[in-house]
Asks: 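Take a look at this one; I'll ask things after.
Order of the sequence lines sets the chain letters (A, B, ...), proteins ahead of strands, with each chain counted from 1. Small disclaimer: the values here were computed from a predicted structure and weren't measured.
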Amino acid sequence: MPELPEVETTRRGIAPHLTGHGVADVIVRHPRLRWPVPRGLAGKLRGHAINAVERRAKYLLLRFDHGTLILHLGMSGSLRLLEAATPAGKHDHFDLVLDGGRALRLTDPRRFGAVLWTRDDPQQHELLRDLGLEPLGGEFTADYLHAGTRKRKAAIKLVIMDSKVVVGVGNIYASEALFRAGIHPSRAAGSLSRERCARLATAIKEVLNAAIEQGGTTLRDFTGGDGKPGYFAQELRVYGRAGEPCVTCGTLVKSTRHGQRATYYCPRCQR
DNA sequence: CCCAAGACCTGGCGGC
DNA sequence: TGCCGCCAGGTCTTGG
């Protein structure tokens, strides 16, 4: 579920309910996520307040005075706010119980998500330290993308999904951004002109921003019972549409694979 | 350094 | 209905 737009939408949804609130308890029902959930979190966090909820790439950062709780939703994770007494389901692995009786609950069937703690600057954490630029930031430009792809022979789709280059472009948005930019997903990254890098950087920003707006409309209620997305499926132009006509030219959308992930593209519009 | 493949997990689906 | 293989929105790790 979580691509960058959903993580950002989640952040916006939960932040007002967490910021300034104290932690009453931490419940770990299943400590074996992507990495083991650190032991003793309850003792560390009880009585401390959350100062801010930030995002770096697809990591959510819950800032405390004495450290940062780092959350990742993996492939199948979601967060919602509910009454702490709500019975836990099979995949409800982690609760951050707040003062006042509510809790932030992590649900994650595949357990590729993560809950980590650092006392230090989270940007220097080993998982975050070497990440590339935020796609929606001002530094992510045509020049940056052009320079960063010069020596890369790999398919451009793989390169824009490489978190050391730019973060947050997941499998869906990689196909969508390349379609909007008119670039074939298999094209060698280093063969793209500066002009086409400009179109691609713009397309990435546009598709992510559009999806965040969509997420904002369908995921606004994080205090409700259901944190499920559902969102922008109707906005997708190529993803999941193999065999259907291209929305631009009518040619049938094709699918292929890059790095064991499904890729969708229009063989006529994308070169 | 770059790149492809493997690894971690569970659940849903289509086919037989 | 049951079983099997395949697929799934991520990303770290490994081996060439």
Asks: In whole angstrom, give the distance that lies between atom CG of A:Asn171 and atom C1' of C:dT11.
Replies: 12 Å

Asks: So what's the dot-bracket for DNA chain C: Watson-Crick or G-U pairs under 3.5 Å, [ ] if a pair crosses, | if it pairs off-strand?
Replies: .|||||||.|||||||

Asks: Of the nucleotides B:dG6, C:dG9, C:dT11, which has the atom closest to the A:Gln260 side chain?
Replies: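 The nucleotide sitting nearest to the side chain is B:dG6.
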
Asks: Rounding to an integer number of Å, can you tell me how far A:Asp108 CG sits from C:dG9 P?
Replies: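 Checked: the CG to P distance equals 15 Å.
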
Asks: Among the candidates C:dA8, C:dG10, C:dC12, find the nucleotide nearest to the side-chain atoms of A:Arg257.
Replies: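 The answer is C:dA8.
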
Asks: Please list, in numerical order, the residues of residues 27-39 of chain A that have a heavy atom closer than 4.0 Å to any atom of DNA chain B.
Replies: none

Asks: Of the nucleotides B:dA4, C:dG9, C:dC12, which has the atom closest to the A:Ile172 side chain?
Replies: C:dG9

Asks: In residues 176-186 of chain A, which residues come under 4.0 Å of DNA chain C by heavy atom?
Replies: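 Under 4.0 Å from DNA chain C: no residue of residues 176-186 of chain A.
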
Asks: Excluding sequence neighbours, so at least two apart, what forms salt bridge (charged side-chain N to carboxylate O under 4.0 Å, His left out) with A:Asp143?
Replies: A:Arg194

Asks: With a 4.0 Å limit, can you tell me whether A:His91 has a side-chain N or O closer than that to the phosphate oxygens OP1/OP2 of B:dG11?
Replies: yes

Asks: Using ring centroids (six-membered ring only for Trp), state whether A:His48 and A:Phe64 fall under 6.0 Å.
Replies: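 So the answer is no for these two rings.
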
Asks: Can you tell me the distance, in whole Å, between the CG atom of A:Leu128 and the P atom of C:dC12?
Replies: 9 Å

Asks: Taking B:dA5 as the reference, what is the distance to C:dC7 when you measure between their P atoms (whole Å, please)?
Replies: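 To the nearest whole Å, 15 Å.
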
Asks: Can A:His66 and A:Arg119 be counted as having a side-chain donor-acceptor contact under 3.5 angstrom?
Replies: no

Asks: Nearest whole Å is fine: how far is C:dC7 P from A:Met75 CE?
Replies: 13 Å

Asks: Which residues within residues 146-153 of chain A lie with some heavy atom under 4.0 Å of an atom in DNA chain C?
Replies: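 DNA chain C contact set from residues 146-153 of chain A: none.
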
Asks: Ring-plane angle category for A:His72 and A:Tyr59, please: parallel below 30°, perpendicular beyond 60°, tilted otherwise.
Replies: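 The rings of A:His72 and A:Tyr59 stand perpendicular, inter-plane angle above 60°.
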
Asks: Would you say C:dG10 has OP1 or OP2 under 4.0 Å from some side-chain N or O of A:Tyr173?
Replies: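 Result: no.
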
Asks: Scan A:Lys90 against the nucleic acid and name what it touches under 4.0 Å (heavy atoms): base, sugar-phosphate only, or nothing.
Replies: sugar-phosphate

Asks: Rounded to whole angstrom, note down the P distance from B:dC9 over to C:dT14.
Replies: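 Their P atoms lie roughly 15 Å apart.
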
Asks: So if I take residues 109-124 of chain A and measure heavy-atom distances to DNA chain B, which residues fall below 4.0 Å?
Replies: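 Under 4.0 Å from DNA chain B: A:Pro109, A:Arg110, A:Arg111, A:Phe112.
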
